[in-house]
Amino acid sequence: MTPDALPADALSRAVIEIEKHVSSAGWDQPAQLFALVPTAELLAAEPQLAAELGAADATQPLTPVAQGELPGGVDDSNLADVLARIEWPDGVSGCALAVERIVLPAAVEAGLASAETDAELARMAGSDPRRHEVRMVAAVLREGDRFGAVRLRAHDEDNAVLTGEDLVPTLCQVLSLTFEPSEASGGDRAAGPVNGTSDDGVWGDDEENRS
């Protein structure tokens with residue numbers, strides 16, 4: 001299946017699958033990056049995965065492939081720079097990023113301007129009773145499609161997850177940098193579609209999708 005042949009809901013289904021997969025391991029997790037590979041192409045490249053994924057998995061248009069730890073970390077201050085150094089092989093149709101963040105009302109953020117260090121800023125934000133801890137999953141396709149999901153720690157249920165094309169625009173914009181042509185060849189080459197492992201890098205649609 002070529003990227004042009006992907007169903008219209010391919011990206012949203014992948015985001016929901018990733019969000020459920022990451023959430024199954026609980027909170028306080030590091031940021032996680034995924035390549036999105038057309039399932040049909042993955043099975044053609046690695047036919048041995050067909051039996052492990054199961055026949056039903058071929059109905060999931062995109063398969064998420066977990067990547068290694070991002071170089072340099074993914075703090076807000078350097079996230080764009082880190083992702084801008086990543087280059088995907090041609091077989092990767094999209095990518096997704098799952099991160100946990102503390103979100104504060106705009107009025108509260110204005111009061112944090114007095115923080116002199118990042119550590120102090122984190123302490124002030126983390127101790128504010130008006131904070132919301134959230135997990136955000138942002139995903140983009142090489143051709144430009146975007147989709148996101150947000151789960152609040154205070155409402156940690158599958159049916160309370162927010163989803164939408166414009167839900168996490170900033171993260172999606174940063175992710176799109178990984179598909180922009182690089183001016184030099186010194187980028188960090190991400191894993192190709194056949195470099196994932198069935199044990200912890202690839203999973204199929206074996207969970208019931210949330211509507």
Side-chain angles (χ1 to χ4, degrees), residues 1-23 29-43 45-46 49 57 60-76 78-101 135-151 163-182 185-198 200-205:
M1 178 181 296
T2 63
D4 291 339
L6 290 173
D9 65 345
L11 188 60
S12 62
R13 291 172 62 185
V15 167
I16 292 171
E17 196 70 23
I18 290 170
E19 200 284 326
K20 291 176 66 176
H21 174 79
V22 174
S23 294
Q29 298 187 59
Q32 301 180 52
L33 182 67
F34 301 84
L36 299 178
V37 182
T39 301
E41 294 183 8
L42 180 64
L43 296 180
E46 291 197 31
L49 287 180
D57 294 327
Q60 181 77 343
L62 289 169
T63 294
V65 182
Q67 304 298 293
E69 182 178 350
L70 290 176
V74 288
D75 292 336
D76 288 339
N78 67 354
L79 178 59
D81 290 338
V82 170
L83 292 177
R85 296 199 300 269
I86 292 177
E87 298 179 10
W88 298 107
D90 292 340
V92 174
S93 295
C95 63
L97 180 70
V99 295
E100 295 182 11
R101 289 290 186 267
R135 176 181 296 112
M136 297 179 284
V137 178
V140 300
L141 290 182
R142 188 183 294 271
E143 302 303 318
D145 292 2
R146 302 178 179 188
F147 201 82
V150 174
R151 179 187 294 255
T163 60
E165 295 180 3
D166 301 316
L167 195 59
V168 283
T170 301
L171 272 182
C172 286
Q173 178 62 35
V174 173
L175 274 182
S176 67
L177 297 175
T178 64
F179 291 105
E180 292 185 0
S182 60
S185 58
D188 298 305
R189 195 69 170 177
V194 296
N195 291 92
T197 63
S198 57
D200 59 4
V202 181
W203 69 91
D205 190 16

Item to check | Which atom of Ser12 lies closest to which atom of Asp9, heavy atoms considered | outcome: OG-O, 2.9 Å
Next on the checklist: Test side chain to side chain contact (heavy atoms under 4.5 Å, CB included) on Val92 and Val65; report intermediate values, then the result.
Outcome noted: CA-CA 10 Å; Val92 174; Val65 182; over 6 Å; no
Item to check | For the student: nearest non-hydrogen atoms of Leu36 and Ala139, plus distance | outcome: CD1-CB, 4.3 Å
Checklist entry - Any sub-3.5 Å donor-acceptor pair from Gln29's side-chain atoms to Val22's backbone N or O? => result yes
Checklist outcome for this item: So CG of Leu11 and CG of Asp145: to nearest 0.5 Å the spacing works out to 6.5 Å
Checklist outcome for this item: Nearest heavy-atom approach of Val168 to Ala138 is CG2-CB, 3.7 Å
Checklist entry - Out of Glu87, Arg142, Glu143, which residue meets the side-chain contact (heavy atoms from CB on, under 4.5 Å) rule with Phe179? => result Arg142
Checklist outcome for this item: Output for pair (Leu97 CG, Cys172 SG), nearest 0.5 Å, gives 9.5 Å
Checklist entry - Taking all non-hydrogen atoms of both residues, which atom of Val137 and which atom of Ala98 are closest, and how far apart? => result CG2-CB, 4.0 Å
Checklist entry - Are the side chain of Thr39 and the backbone N or O of Pro61 linked by a donor-acceptor pair below 3.5 Å? => result yes
Next on the checklist: To the closest 0.5 Å, what do you measure between OG1 (Thr163) and CZ (Arg13)?
Outcome noted: 14.0 Å
Checklist entry - Got a second to check how far Arg151's CZ is from Glu19's CD, nearest 0.5 Å? => result 4.0 Å
Checklist entry - Distance from Leu171 atom CG to Arg101 atom CZ, nearest 0.5 Å? => result 7.0 Å
Checklist entry - Looking only at heavy atoms, what is the nearest atom pair of Gly148 and Leu167, with distance? => result O-CD2, 3.9 Å
Checklist entry - Short question: side chain of Thr178, backbone of Ile86 - any donor-acceptor pair under 3.5 Å? => result no
Checklist outcome for this item: Residues at least two apart in sequence or cross-chain that pass side-chain hydrogen bond (donor to acceptor under 3.5 Å, both in side chains) with Glu165, listed by chain then number, are none
Item to check | Rounded distance (nearest 0.5 Å) linking atom CZ of Phe34 with atom NE2 of His21 | outcome: 5.5 Å
Checklist entry - Taking only residues two or more places apart in sequence, or in another chain, which ones meet Gln173 in a side-chain contact (heavy atoms from CB on, under 4.5 Å)? => result Arg146, Ser176
